[in-house]
Amino acid sequence: MNDVAIPPPPRSCSASFVLAQPLAAAMDRFTALGERAWAPGWSPELISGHEERGSVFATTNADGVRTHWIVVAFDRAAGQASYARLAHGSHMGLVDVCCRALDVDRTEVTVTYTLTPLSDAGAKLVAEMLEPAAYAGFIANWQRLIEAARP
């Protein structure tokens with residue numbers, strides 16, 4: 001074996017919440033365009049496609065960080081949405097959203113972020129974001145925002 005140092009693995013954290021929405025409505029919330037209805041400042045620039053595997057879009061956050069996203073998988077019927085993301089100069093990783101119908105009017109949503117820092121600032125952001133209590137609060141805020149944005 002050669003003496004290559006193996007870096008630490010990516011960091012990951014998951015949290016779940018329940019939406020008072022049917023599965024189809026919940027899935028609409030987790031597309032590039034659907035997130036505009038509830039995520040403050042979310043203004044995706046569609047580069048190719050929309051929901052199809054391989055579709056690409058970009059966002060810029062309030063701090064000016066440009067993030068490119070690619071749809072890894074999107075299956076409405078199965079309740080699965082997966083995205084790869086590159087926040088330039090900060091971090092890259094995956095966002096997986098799994099929606100499961102609890103009944104006709106309620107959907108359990110589980111969101112998993114798996115991130116690798118690309119810089120010292122990215123390492124700080126990833127450590128803070130994926131700290132379990134902070135992450136739980138981050139995802140709980142998604143629930144509040146989505147429920148508040150219901151038509």
Side-chain angles (χ1 to χ4, degrees), residues 1-19 21 23 25-100 107-149:
M1 233 22 165
N2 59 33
D3 293 331
V4 174
I6 303 297
R11 294 195 52 190
S12 189
C13 202
S14 295
S16 299
F17 58 91
V18 174
L19 289 176
Q21 298 179 11
L23 177 63
M27 285 300 295
D28 285 341
R29 305 296 187 207
F30 302 109
T31 67
L33 296 178
E35 207 162 313
R36 292 185 308 181
W38 61 270
W42 183 262
S43 182
E45 171 195 340
L46 300 182
I47 297 170
S48 70
H50 173 230
E51 296 174 2
E52 305 81 15
R53 177 178 166 79
S55 297
V56 175
F57 62 97
T59 58
T60 303
N61 73 10
D63 295 328
V65 176
R66 182 93 165 146
T67 300
H68 279 92
W69 301 77
I70 187 167
V71 178
V72 175
F74 191 86
D75 185 335
R76 268 181 199 286
Q80 303 286 327
S82 295
Y83 301 91
R85 58 179 271 153
L86 168 61
H88 295 273
S90 178
H91 62 278
M92 67 185 310
L94 301 168
V95 180
D96 296 300
V97 179
C98 298
C99 295
R100 181 176 65 91
T107 301
E108 179 185 56
V109 179
T110 301
V111 181
T112 304
Y113 271 69
T114 304
L115 302 175
T116 295
L118 301 175
S119 64
D120 290 343
K124 182 177 185 301
L125 182 144
V126 168
E128 290 172 358
M129 180 180 173
L130 299 184
E131 186 279 320
Y135 187 79
F138 169 66
I139 296 303
N141 193 47
W142 282 26
Q143 178 184 19
R144 284 189 291 278
L145 290 167
I146 291 169
E147 292 289 358

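Source: prediction; values computed, not measured.
- With no hydrogens or angles considered, no side-chain donor-acceptor pair links T59 and W42 at under 3.5 Å.
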| query | Can you list the steps and then say if V109 with V97 is a side chain to side chain contact (heavy atoms under 4.5 Å, CB included)? | reply | CA-CA 7 Å; V109 179; V97 179; 3.9 Å; yes

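- For the pair S43/R36, no side-chain contact is recorded, criterion being any heavy-atom separation below 4.5 Å from C-beta on.
- Counting non-hydrogen atoms of other residues, nucleotides and ligands closer than 6.0 Å to CZ of R53 gives a total of 12 or fewer.
- Electrostatic pairing of R29 and E147 does not count as a salt bridge here, judged by no charged N lying under 4.0 Å from a carboxylate O.
- Contact detail for A149 and A37: the closest heavy-atom pair is CB-O, 3.1 Å.
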| task | Could you please spell out the steps behind the side chain to side chain contact (heavy atoms under 4.5 Å, CB included) verdict for N141 and F138? | result | CA-CA 5 Å; N141 193 47; F138 169 66; 6.0 Å; no

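- Here the shortest heavy-atom pairing between A84 and V72 reads N-CG2, 3.6 Å.
- A donor-acceptor pair under 3.5 Å links the side-chain atoms of T107 to the main chain of L23, judged by distance alone.
- Distance alone, capped at 3.5 Å, places no donor-acceptor pair between the T31 side chain and the E51 backbone.
- Of all the heavy atoms in M27 and C99, the pair that sits closest is SD-SG, 3.7 Å.
- Two residues are said to be in side-chain contact when any heavy atoms from C-beta on lie closer than 4.5 Å; L86 and H88 meet this criterion.
- Under a 3.5 Å cut-off, the side chain of E52 and the backbone N or O of S55 do not form any donor-acceptor pair.
- Residues L94 and T112 have side chains not in contact (no heavy-atom distance under 4.5 Å, counting atoms from C-beta outward).
- In terms of heavy atoms, S48 sits closest to G54 at OG-O, 3.9 Å.
- No side-chain heavy atom of F57 sits less than 4.5 Å from a side-chain heavy atom of I70.
- The shortest side-chain heavy-atom distance between L46 and L33 falls under the 4.5 Å cut-off.
- Not counting sequence neighbours, the partners of W38 by the ring-ring contact (aromatic ring centres under 6.0 Å, His included) test are W142.
- Within the 4.5 Å cutoff, side-chain heavy atoms of Y113 are placed close to those of M129.
- No donor-acceptor pair under 3.5 Å is formed between the side chain of R100 and the backbone N or O of E108.
- Applying the side-chain contact (heavy atoms from CB on, under 4.5 Å) criterion to V126, with sequence neighbours excluded, gives R11, H91, L115, P117, L130.
- Y83 has its ring centre no less than 6.0 Å from the ring centre of F30.
- For the atom pair CZ of R85 and OG of S90, the computed distance is 8.0 Å after rounding to the nearest 0.5 Å.
- You'll find the side chain of L19 reaches within 4.5 Å of the side chain of I146, heavy atoms only.
- Within the 4.5 Å cutoff, no side-chain heavy atoms of E45 are placed close to those of H68.
- Judged as a side-chain contact (heavy atoms from CB on, under 4.5 Å), and not counting sequence neighbours, the contacts of D28 are R76.
- Closest non-hydrogen pair, I47 versus A58, comes out as CD1-CB, 4.0 Å.
- The closest donor-acceptor contact from the side chain of D75 to the backbone of A77 lies under 3.5 Å.
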